[in-house]
Each structure stands twice: as structure tokens, then as C-alpha cells.
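Okay, so here's the structure we're looking at.
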There are 2 protein chains.
Amino acid sequence: MKSNHVTLKDIARILELSPSTVSRALKDHPDINEETKKLVKTFAEKVNYRPNALALSLRQQKTNTIGLIIPEIVHHFFSSVISGIEDIAYGEGYNVMICQSNENYQREVIDTQALIDHRVDGILVSVSKTTRDFKHLQNAYDNGIPMVFFDRIVEEIKTDRVITDDFLGAQIATSHLIEKGCKNILHLAAPQHLVIGSRRKEGYLKALEEHGIETDEDLIVKCDTREYVFSLQQHLMKLIEEKHIDGIFAVNDSTAIATMQALQAEGIKIPEQIKVIGFGDGPNADIAYPPLSTVEQKGYETGREAMRLLLQRLENPGIEINFSTKVLTPTLKQRKST
Amino acid sequence: MKSNHVTLKDIARILELSPSTVSRALKDHPDINEETKKLVKTFAEKVNYRPNALALSLRQQKTNTIGLIIPEIVHHFFSSVISGIEDIAYGEGYNVMICQSNENYQREVIDTQALIDHRVDGILVSVSKTTRDFKHLQNAYDNGIPMVFFDRIVEEIKTDRVITDDFLGAQIATSHLIEKGCKNILHLAAPQHLVIGSRRKEGYLKALEEHGIETDEDLIVKCDTREYVFSLQQHLMKLIEEKHIDGIFAVNDSTAIATMQALQAEGIKIPEQIKVIGFGDGPNADIAYPPLSTVEQKGYETGREAMRLLLQRLENPGIEINFSTKVLTPTLKQRKST
DNA sequence: ATGAAAGCGCTAACAA
DNA sequence: TTGTTAGCGCTTTCAT
């Protein structure tokens, strides 16, 4: 910030006008002389004048910036969400301040604080896996900053939300396996304190129930990352043998893909011996061998909707609108793994 | 920014002190009474006081924010870069303002402007594929904002840079194919106006030359995305047949993987009939079938180095340090595709 | 040990 | 039509 920056005052001084006149000229205020306007504008253009966003924000008590807290940018779902948010935000003149919590609670707390410190106009959040205490978010909320949760929501805080119908998605995925002839379906699940973890498990259970298949708690294994799969490989193989597993529903694509690789390494044929389905439909699903059947989760749409809900609050300050929850419905993407 | 925010002034008024005293107390100024300090601090704590970062930046002429312009967050390489940058930046008390150009020149210009408007202390850039005019960056540079280019650099602007040794990487990849017995090697190349595009091509040519293999311009095809591969599928198959292609070096992993899929769809066995190698080593390489041999490009390290170079400028303002170019050496990652 | 005042860059109510 | 002034939230020099 070494000041090679031209300020309003600089322009005023050089043009022998007052700062207010320059300010008004620049924004086409009706009662400024056309001559003056032209003079000021061409000069400002010439010296490449750009208003200081900090000063503007301070003055207007509005930053035109919204904060985003996201677990991990590397995940395709989340980076799609970012694109969705940005496309809407930019169109409305908002900037997006992206914070990556890295699935780390401490970092999330710090990020939230940083966003508050920067006086963002609103916050979009998907909480980290390790977050179990929500004081930091409650605090932002109490500060009067509009918030929208997406995907990994916090049920304790009442506000707008955008979620995927995880229950339905899991039900669709599981039913698909059943319809393909699977009888003993293993579920690789996310931590149950995450809403997506429990909802997807419930959808799985519901599908079994609907098809009159008895549930077996042993067939639900907490395992939601690629690394996790390989570390559990022995255990999983044993389970598959003992329980005659013929179908696997994994809580996300990368777990599903790693599982296929682990099984193939043990000589198991997919889909002939065991059918596998994931959840999310990132680009990996197409790359996997065989291409992975999965349930499509709309990241870009999630981002757009979240930003739209936030905008609604920002553009109607003070007006009480009932909180709404936008539910996106996932759809089956059948490929070769089922 | 609906003001539920407590200000210094608020505290001063309530505690019947002057704003300056409060300010000093909060930052442990030596000549403030211990009593007063305690009073102020506990009160500030109690009401959850947080200094307004905007006001601070305006006052100090320093935002402690650095700007990042990146082509596409969805690419693993770039999201790793972000992590590298953030890890260093956070450690030094800097925030990172991330802008995604989406490989779009116009957007890049706007993003650059937004960063200047926000008076970021420095900028890290990897230019978009469609950028051929650098006025916007030159402008930031002329404004006295320290800049570091990484990966997709701009040769016209003299400043610090972090790059992968693309020439060497391509040479390593191509030599590997040759050592594995390939005689007729196809190169799927990136646009030549991008430094990485031409460097990688040159490395490919160099390797051929070193091994006494005649080069053939027909074996260099501009094709650097998954979609591109499938749209060129017919053309590529014809080329492979006519030229007896037995090895393919693709400018990036996703192009390499798509190529393997296209070939396999035509019944070609990999690596038996044709060996394929990529560049970059994202997680997709492990997921591909067969797992893709590639050359490792260190995203996280790139980010760290870029941020370190920038920090060096920021912490030594005014001091002229010669610009340096940090070159990261890629290493061969052999898997099953070669 | 504390306070008053000025100023970072900008806008807007009020004056002229 | 233009200028003066105050103030957004904060720090810091200069008084007291």
C-alpha cells in the first residue's frame, strides 16, 4: 500500500476545486456543471483515479463484501459452490472473501472473526467436520450479520439454509442397488454429528426398510475418506466375506472410488460381484474405473441459491422475512459401477 | 454491517475515558495505569470488542491483506497453491483475498482492479489462458504494489516469480517414454502463448533430440483439456494409426487421463500398446485406470514460495532487492500407464 | 497518566 | 453551482 495512489483530495487540489465537488462530479450528481463534470472525469480517467474501497466502506457502513467459510477448496463440490456464489455476487456488485477452514475448528473460529473484523455485509458458511461448538457463528449472528448455511448446516442457529436432500439422495442410491439385485448392502458413513452423515444413513435405512430388507448395524461403517478406506481395508474385506456383501453405498465419491480400488486389488470384480455407488458426482466419477454410479449433488446451484438468499436479506435490511430452507433434489447418475 | 458493533468510542464513553486512552490501554502502552488497563481490557473482553479492520487499514495505510488472482480453483494444482499461500500468510498475520479469473481476461482485469481498490499490500498472480494484454497488471505494478507471479508468469513484467521447471519436467516425461521403448511420441500441447505451453513443448523436443529421434511437427497437437480430447478423438485415432504412435505425453493430467479413456474405448491397451504420461500429479492420477504416470508439480510448495517472496518485499519496503525467480524441479512419478 | 486534535479517503447535510 | 464541515473508527503527536 505504498501510496502511489491518487486521492480525491489530490484531484481537488490540482483542479482547484473542493473535494465534495470532485466527489459529486464523479458520480454525476445533478447539480454539478456539465463543464466541471467533464473536466473532473477526464482528469480522473487520465490519472487512473480509483476510489479507496476502505474509505468508502467506512463511510457508508457497508463493505459490499460477503464472507465465505468453506471446509476445503480442493473438493469439487465446494469449488463449484464458490463459482455459483461468485457468479451471483459479482453480478450484484459484491466481492467474496473466501476463507478455508481446512476442516479445522480453530481455523474456522479465526476465519469467522476475521470476517467480522472486516465488517462483511453477510456470511455464507458450511461448517467444518470438527466443529461441535457454534459460539463463533452465534456471535456473528448476534452481531447482526446476515448468515446463510449451506450443505453442512448448523441446526441450532435459525437462519436461511441451502441443503441437498441427503435423505432422499441416499434412499435413491440404496434403492438403485436393491433394484440391481443387491441384498446385503454395506454403508460407508460420515460422522453422525454431521447432518449430512446422519441424513444419508437414515435414507439408506429407509430404502432397506421399504424393500423389506432387514437392517444390520454391523453393515454401517464409519469411513468417509480415501485414506480411511485403505486403513480399514482388512476389516472391510472380512466384513464383505462374512456378510456376503454384494452392494456398497459410500457417503461420497472419493470413498466409493477408493473402495473400488481396494476391492479390485483383492480381485473382486465390479460391478459383477459387488456393485458400488457414491454420492456427489464430481468429475472423478467419470475418471474412475469403472465409471462410478452416483447421486448428483448440485454444487453450483447450491452456491447460487445460498447467495440469492443472502442477497434477499441484504437488500431488505430491517425487514423481517421468514427464514427459508432451500432443498435441492439430487438425481441418480448411473454409470458402470452398478 | 448493521451496527451492533462496539467501537472504541463506545467504550471510552461508557468508561468515561478518552478514545486515545482506551486505544493505548488495549495495546499495552507503557504509560497507561495498570488499573486503567485492566479496567479497559476486561470491559472490552466483556462486550466482545473487535477493532474495525477497515478503520485500522485506512489509518495505517496497510491492509495486511494480499490479493490472489488464480485461473480456476477447481484444479487441484491451484487449490494446493492456495493452501500453501494461506499457510504462510496466516502465520504472518496476513489475510488472502482470492479472486478466480475463470480463465477469462475480462474477469482478470476486474479482479485486479478490485484488489487495487481494496489497497491490498501485495498481489500474487497466475494469469489466465486468455490474457494477452498485461496493462492491468502493469498498472498495479506501477501503483507500487509488490507482485509475484507463479506458474503462469508474464515475462514482460519484471518481478519475483515462482515457476516449475517445465522444460525439465517435459524432458523427464518424454525421456521416460523413450526409455520405456517408445519411438513415435505424440505431444498434446497447451497454447504456445502460455509460457508453460511452449516450455513443455521445448522439453519434449529436447528429449527427442537427445535420444536422436527425429521430430515431426504433426506429432504436436494443440489439445489441453478433457473436452478437447473427445472432440479431437477421430483426428487423434487417425494420427495414431498413420504415425504408429506408441507413446503420448500430455501437457497435463486430465488431458492424459481423457486420452487413456478415449484410446481404451477404441480397444487400445495401455500401457501395452501405447504408453501415456501426464504432467502435474493431482489426485486424479491415482484414480485413473491404469494409474497415471506423471511428473509431479508442487502446488503447495509453489504457493509457499510465492508468498515468501512477497513477504520479503512487504517486510522490507523501499529496500531494493533484486528480483528472483524460484524454480521448482518436478520429479517423475511412475505408475502403471507407462 | 490522560486528553484533545488532526487525519487516513471519502460523502452528505448544510451553507453560501 | 460550489464549498465548508463533520464524521465513519481508529491512532498518534502534542499538549496538559
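Every chain is numbered from 1 and lettered A, B, ... according to where its sequence line falls, protein lines coming before strand lines.
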Please list, for nucleotides 6-8 of chain D, all pairs of protein and nucleotide N/O atoms separated by less than 3.5 Å.
residue: dG7(D); atom: N2; partner: R59(A); partner atom: NE; Å: 3.4
residue: dG7(D); atom: N2; partner: R59(A); partner atom: NH1; Å: 3.1
residue: dC8(D); atom: OP2; partner: K9(B); partner atom: NZ; Å: 3.0
residue: dC8(D); atom: O2; partner: R59(A); partner atom: N; Å: 3.4

Between the side chains of [X] and [Y], does any donor sit under 3.5 Å from an acceptor?
X       : Y       : value
N316(A) : Q312(A) : no
E108(B) : T131(B) : yes
T65(A)  : N95(A)  : no
D121(A) : T63(A)  : yes
N64(A)  : K62(A)  : yes

For [X] and [N], give me the distance from atom [atom1] to atom [atom2], rounded to whole Å.
X      : N      : atom1 : atom2 : result
K38(B) : dA1(C) : NZ    : P     : 15 Å
L15(A) : dT2(D) : CG    : C1'   : 14 Å
E16(B) : dG3(C) : CD    : C1'   : 14 Å

Legend entry - Phosphate-side-chain proximity, Y49(B) and dG9(D), N/O vs OP1/OP2 below 4.0 Å: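 Indeed not, no polar side-chain atom of Y49(B) lies that close.
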Legend entry - R308(B)/E305(B) salt bridge by N-O under 4.0 Å criterion: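 Yes, this pair counts.
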Legend entry - Of residues 20-36 of chain B, the positions that come close to DNA chain D - non-hydrogen atoms, cut-off under 4.0 Å: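 Contacts with DNA chain D under 4.0 Å: S20(B), S23(B), R24(B), K27(B).
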Inset, instruction - Any side chain to side chain donor-acceptor pair (under 3.5 Å) involving residues 9-19 of chain B? Give me the pairs, sequence neighbours left out, ordered by first then second residue. - result: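 Counting only pairs at least two positions apart or across chains, the side chain to side chain donor-acceptor pair (under 3.5 Å) contacts touching residues 9-19 of chain B are T7(B)-D10(B), D10(B)-R13(B), S18(B)-S20(B), S18(B)-T21(B).
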Inset, instruction - Evaluate the ring planes of F323(B) and Y141(B), with Trp represented by its six-membered ring, and classify them as parallel (under 30°), tilted (30 to 60°) or perpendicular (over 60°). - result: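 Correct class here is tilted.
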